[in-house]
Protein chains: 2
Amino acid sequence: MGTISQQGYHHGNLRRAVMDAALEAIGETGPSGWSLRELARRAGVSHAAPAHHFGDKAGLLTAVAAEGYAALSDELERADGDFGEVGAAYVRFAVTRPAYWTVMFRPELYRADDPAVAAARARSRAVLVSGARGAAGRPERERLVMLAAWSLAHGFAGLWLDGALAESAEDGRDPAELARAVFRTAAEGFGSPGD
Amino acid sequence: MGTISQQGYHHGNLRRAVMDAALEAIGETGPSGWSLRELARRAGVSHAAPAHHFGDKAGLLTAVAAEGYAALSDELERADGDFGEVGAAYVRFAVTRPAYWTVMFRPELYRADDPAVAAARARSRAVLVSGARGAAGRPERERLVMLAAWSLAHGFAGLWLDGALAESAEDGRDPAELARAVFRTAAEGFGSPGD
DNA sequence: CCGGGCATCCTGCCAGTGGCAAGATGGGGT
DNA sequence: ACCCCATCTTGCCACTGGCAGGATGCCCGG
């Protein structure tokens, strides 16, 4: 990996260092349970150094969100083809990289209209839409299927991260595995007690 | 209603006034886009007055969350009986009272283990579980059906509030109505292109 | 080899914030 | 009539985000 020189007046890779510190802090105390100054201290620079790279706090979180959407897109694209697997990948991303996910879906914390963020988000959505296109039969159903699947995965991820599913599902199972089962239940239809 | 005396040294109903100011502020700038001092100013009291009623910021948000879960429980119980209606009521609550919803599902902002909150949350969950009990055929399916329906409603609400569904669904439709359609799609099963 | 330009980082400052301590007020019970 | 004490106030402290102006040293042209 080649650790870059981090001594001297110029840090060398402050931008990445602050982003990493931010992700770590977010994982520990939530998306706003820390201060820019604290990140600066962790990175070993002065309290005003991060501002040069991100402008302000919203700027930093904007960068985090953009990186998060890009990473999510990668994950989803890797699972493309199988509709159910896309849902599982969505949940897996949220569970394994909660810091990104938590920021991404709190638009009031960053500049959601930032070009980089918007582009990365559009890429994520494209995978979801194409997944629904494959699963839905008639075209009118496409939108509803996409909304249902997206809502399902998104809701499961959110509830899991909030700890709301802890009691009902902590039989030691992998959350993504449980999500797959839930997804299958919905795909077969949970309205009529079939089978 | 009877507007209570709000002149003089004793406000008369500061607790409620601060809660209302908080709900208003949350609706405007998110669950942490305001300060306790600002709420105090809105209520016309000194900056330290709210502390007497709520302790600290987390205490105030704990009270908001408890009230929110109680209100959600009321809504859900009113729709009990029809499983799909419970889902629609869940979404309707989130959409019509976003300030409550936003706080409730950000456990890092308040004391989630507060007895009042825990009790109110348990009441909400009971409705969901009993709803699933009616819809699921076999008892093993019960948990999966409950998770699927809850995830679906929760995810739809979250996506809607984040504005993520804006483009794909703002044909002027009522969100709860759209949620009903999505719910129906899932209930019938969206995996196989049935019908 | 040298000198300047400029991205990077620093120190200093300000208003605003959350929270605590100690004092003022006055409503309500006895 | 009196006192108790819940309620509200003023005053204070450490900390934060953000801005202004200065210091540093890498890199590039000469």
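Here the structure is a predicted model, which is why all the values come from computation and not from measurement. All heavy atoms count here, side chains included; hydrogens, waters and symmetry mates do not. Every chain is numbered from 1 and lettered A, B, ... according to where its sequence line falls, protein lines coming before strand lines.
Within the 3.5 Å criterion, the main-chain N or O of A:Ala119 finds no donor-acceptor partner in the side chain of A:Arg123. Looking only at distances, a side-chain donor or acceptor of B:Asp114 sits under 3.5 Å from a matching main-chain atom of B:Ala116. Counting only distance, with no hydrogens or angles, the side chain of A:Thr62 and the backbone of A:Arg111 share a donor-acceptor pair below 3.5 Å. Side chain of A:Ser151 to backbone of A:Ala148: no donor-acceptor contact under 3.5 angstrom is found. B:Arg125 places a side-chain N or O within 3.5 Å of a backbone atom of A:Ala164 that can act as its donor or acceptor partner.
We find that CZ of A:Phe54 is positioned 11 Å from P of C:dC9, with the value rounded to whole Å. Nucleotide D:dT7 holds its P atom 10 Å from the CZ atom of B:Arg15, rounded to whole Å. Between B:Leu39 atom CG and C:dT17 atom C1' there is a gap of 12 Å when expressed in whole angstrom units.
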In B/S/- notation (B base, S sugar-phosphate only, - none; protein heavy atoms under 4.0 Å), nucleotides 12-20 of chain D written 5' to 3' is B---SBBB-
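Taking 4.0 angstrom as the limit, A:His52 places none of its side-chain polar atoms (N or O) nearer than this to OP1 or OP2 of C:dC9.
No side-chain heavy atom of B:Leu61 sits under 4.5 Å from any side-chain heavy atom of B:Phe54.
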